[in-house]
Chemist: 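Here it is, the structure in full.
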Amino acid sequence: MKVAIVTGAGRGIGRCIAEALAKANYSLVLNYRKNEDELKAFVDEIGADALLVKGDVSSFEDAEHLAKAAFDHFGRIDLLVNNAGITKDTLLVRMSEEDFDAVNNTNLKGTFNCTKHVAKIMFKQRFGSIVNISSVVGISGNIGQANYAASKAGVIGFTKAVARELAPRGVRVNAVAPGFIATHMTDVIDETVKQATLSNIPMGKFGEAEDVANLVVFLASEQAKYITGQVVQVDGGMAM
Ligand code: NDP
């Protein structure tokens, strides 16, 4: 049985990745911050073998606890999916230092924190795979998302550096860059902005969490055994 850690698994893309991994026969270590009861109900519903670990990925100590709890419980870690992420959108002129730091602390530093602690274990195992959830915004930028774009571009650079470091140890590291996926994160976006975004998507529709989850499962699989250091977009052609 393979073991996967998914951060921010309580809802949205993270939850969908967890479900897809359970279907692919992974045992799960699901990180969450809030709504433990809801996550427990979801795990029961899909009948997954899962350990739930509460924690804030922006905390170095919480990330260390997550990696340790996973290894202590299952004795191996095959996959880490750094999915937890937040937005605090506003124009640069209005963006506070707190808005910038909060987004980077979760999206970029959180990815560093979890990767650092899990990589130590994968290094010793000499196997493993890491998939970081970036964004097309980290590739092309977006008005009102300077903090988010910086964090997601940072995740791409981080992915490539770590992929080079871990490749000799048999550990692959890739990033997925979703476009606009319908979740809680995008629910809050103004309808006129959504329509403007839609007009820039060649496929003419928003993506679904499953579109991201399917790619994560593939990148983690043996079928992707010669793929590392890549950024794969799931965006209906939004950024080319
Ligand atoms: P949601 O807001 O629906 O879910 C985000 C999840 O991350 C929540 O479960 C949340 O938990 C968790 N989370 C947030 N901060 C932390 C933290 N510090 N520690 C642990 N967990 C945390 O967003 P999506 O599912 O849409 O996004 C998932 C990922 O995909 C993010 O990295 C996002 O940036 C990326 N993405 C999403 C796109 C989209 O269009 N939706 C496009 C491109 C990338 P809680 O609710 O408890 O805070």
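Each ligand, and each atom within it, is numbered from 1 in the order the structure gives.
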Chemist: Look at the rings of Phe206 and Phe180 and say which category their plane angle falls in: under 30° parallel, 30 to 60° tilted, over 60° perpendicular.
Modeler: parallel

Chemist: Could you list the atoms of ligand 1 found under 4.0 angstrom from a heavy atom of Thr186?
Modeler: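 Those of ligand 1 that fall under 4.0 Å from Thr186 are 39 (C), 40 (O), 41 (N).
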
Chemist: Can you confirm whether Gln125 sits close enough to Phe71 that some side-chain heavy atom of one is under 4.5 Å from a side-chain heavy atom of the other?
Modeler: yes

Chemist: Does any N or O in the side chain of Asn31 come within less than 3.5 Å of the main-chain N or O of Leu66, such that one atom is a donor and the other an acceptor?
Modeler: no

Chemist: Tell me the protein heavy atom at minimum distance from atom 26 (O) of ligand 1, and give that distance in Å.
Modeler: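 Heavy-atom neighbour on the protein nearest atom 26 (O) of ligand 1: Thr183 OG1, 2.5 Å.
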
Chemist: State if Ser134 counts as touching ligand 1 under the rule of any non-hydrogen atom under 4.0 Å.
Modeler: yes

Chemist: Which residue owns the protein heavy atom closest to atom 22 (C) of ligand 1, what's the atom, and how far is it?
Modeler: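 Ranking protein heavy atoms by distance from atom 22 (C) of ligand 1, first comes Ala84 CB, 3.6 Å.
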
Chemist: Purely on distance, is any nitrogen or oxygen of Asn107 under 3.5 Å from one on ligand 1?
Modeler: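 No; every N/O pair is 3.5 Å or more apart.
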
Chemist: Pick one of side chain, backbone, both or neither for how Ile13 approaches ligand 1, counting any non-hydrogen atom pair under 4.0 Å.
Modeler: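 The answer is both.
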
Chemist: Would you say Tyr32 contacts ligand 1, with heavy atoms under 4.0 Å as the rule?
Modeler: no

Chemist: How about Ile143: does its CD1 atom have over 12 heavy atoms from other parts shown lying under 6.0 Å from it?
Modeler: no

Chemist: Give the contacting part of Arg15 toward ligand 1: side chain, backbone, both or neither, where contact means a heavy-atom distance below 4.0 Å.
Modeler: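 Neither; no heavy atom under 4.0 Å.
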
Chemist: Has Gly55 got any heavy atom lying under 4.0 angstrom from an atom of ligand 1?
Modeler: yes

Chemist: State whether the number of non-hydrogen atoms from other residues, nucleotides or ligands found under 6.0 Å of Lys160 atom NZ is greater than 12.
Modeler: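 Not buried by this count: 12 neighbours or fewer within 6.0 Å.
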
Chemist: For atom 5 (C) of ligand 1, which protein heavy atom lies nearest, and how many Å away is it?
Modeler: Gly85 O, 3.7 Å

Chemist: Below 4.0 Å from any atom of ligand 1, is there a heavy atom belonging to Tyr148?
Modeler: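 Yes; Tyr148 lies near enough to ligand 1 that a heavy-atom distance drops under 4.0 Å.
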
Chemist: Side chain, backbone, both or neither: which part of Asn83 comes within less than 4.0 Å of ligand 1 when only heavy atoms are counted?
Modeler: both

Chemist: I'd like the name of whichever of Cys16, Gly8, Ala209 reaches closest to atom 9 (O) of ligand 1 through any heavy atom.
Modeler: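 Going through Cys16, Gly8, Ala209 one by one, Gly8 has the nearest heavy atom to atom 9 (O) of ligand 1.
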
Chemist: Going by the order shown, which atoms of ligand 1 are within less than 4.0 Å of some heavy atom of Phe180?
Modeler: 40 (O)

Chemist: Taking the side chain as every heavy atom from C-beta outward, state whether Leu166 and Met122 have any pair of such atoms under 4.5 Å apart.
Modeler: no

Chemist: Provide the number and element of each atom of ligand 1 under 4.0 Å from a heavy atom of Lys34.
Modeler: 45 (P), 47 (O), 48 (O)

Chemist: Have a look at Gly179, Cys114, Gly12, Ser135 and point out the one with the heavy atom closest to atom 38 (C) of ligand 1.
Modeler: Gly179

Chemist: Just go through Asp56, Ile86, Val234, Val155 and tell me whose heavy atom is the nearest to atom 18 (N) of ligand 1.
Modeler: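 Of the listed residues, Asp56 has the closest heavy atom.
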
Chemist: Heavy-atom distance to atom 20 (C) of ligand 1: which of Thr7, Val188, Asn31 wins?
Modeler: Asn31

Chemist: With a 3.5 Å distance limit and no angle check, can you tell me whether Gln145 reaches the backbone of Val137 through a side-chain donor-acceptor pair?
Modeler: no

Chemist: Examine Arg33 against ligand 1 and note whether any of their N/O atoms are separated by less than 3.5 Å.
Modeler: yes

Chemist: Measure from atom 19 (N) of ligand 1 to every heavy atom in Ile133, Val57, Ile181 and give the option owning the shortest one.
Modeler: Val57

Chemist: Hey, are the side chains of Pro178 and Ile133 touching, using non-hydrogen atoms and a 4.5 Å cut-off?
Modeler: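 Side-chain contact under 4.5 Å: yes.
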
Chemist: Which protein non-hydrogen atom lies closest to atom 43 (C) of ligand 1, naming both residue and atom, and how far is it?
Modeler: Pro178 O, 3.4 Å

Chemist: Give a yes or no answer on whether the side chain of Arg169 reaches the backbone of Ala119 with a donor-acceptor pair at less than 3.5 Å.
Modeler: no

Chemist: Glu19 side chain to Ile46 main-chain N or O, any donor-acceptor pair under 3.5 Å?
Modeler: no

Chemist: Asp78 side chain to Val3 main-chain N or O, any donor-acceptor pair under 3.5 Å?
Modeler: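 Checking the backbone N and O of Val3 against the side chain of Asp78, a donor-acceptor pair under 3.5 Å is found.
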
Chemist: Is it true that a side-chain atom of Arg172 and a backbone atom of Ile227 form a donor plus acceptor pair closer than 3.5 Å?
Modeler: yes

Chemist: If you measure from the Lys or Arg side-chain nitrogens to the Asp or Glu carboxylate oxygens, is any gap between Glu64 and Lys68 under 4.0 Å?
Modeler: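 Salt bridge: no.
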
Chemist: Just jot down the ligand 1 atoms closer than 4.0 angstrom to any heavy atom of His184, in number order.
Modeler: 3 (O)

Chemist: Among protein heavy atoms, which lies nearest atom 23 (O) of ligand 1, and at what distance?
Modeler: Met185 CB, 3.5 Å

Chemist: Is any side-chain heavy atom of Leu21 closer than 4.5 Å to a side-chain heavy atom of Ile17?
Modeler: yes

Chemist: What protein heavy atom sits nearest atom 3 (O) of ligand 1, and how far away is it?
Modeler: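 Answer, as residue, atom name and distance: Arg11 NE, 3.2 Å.
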
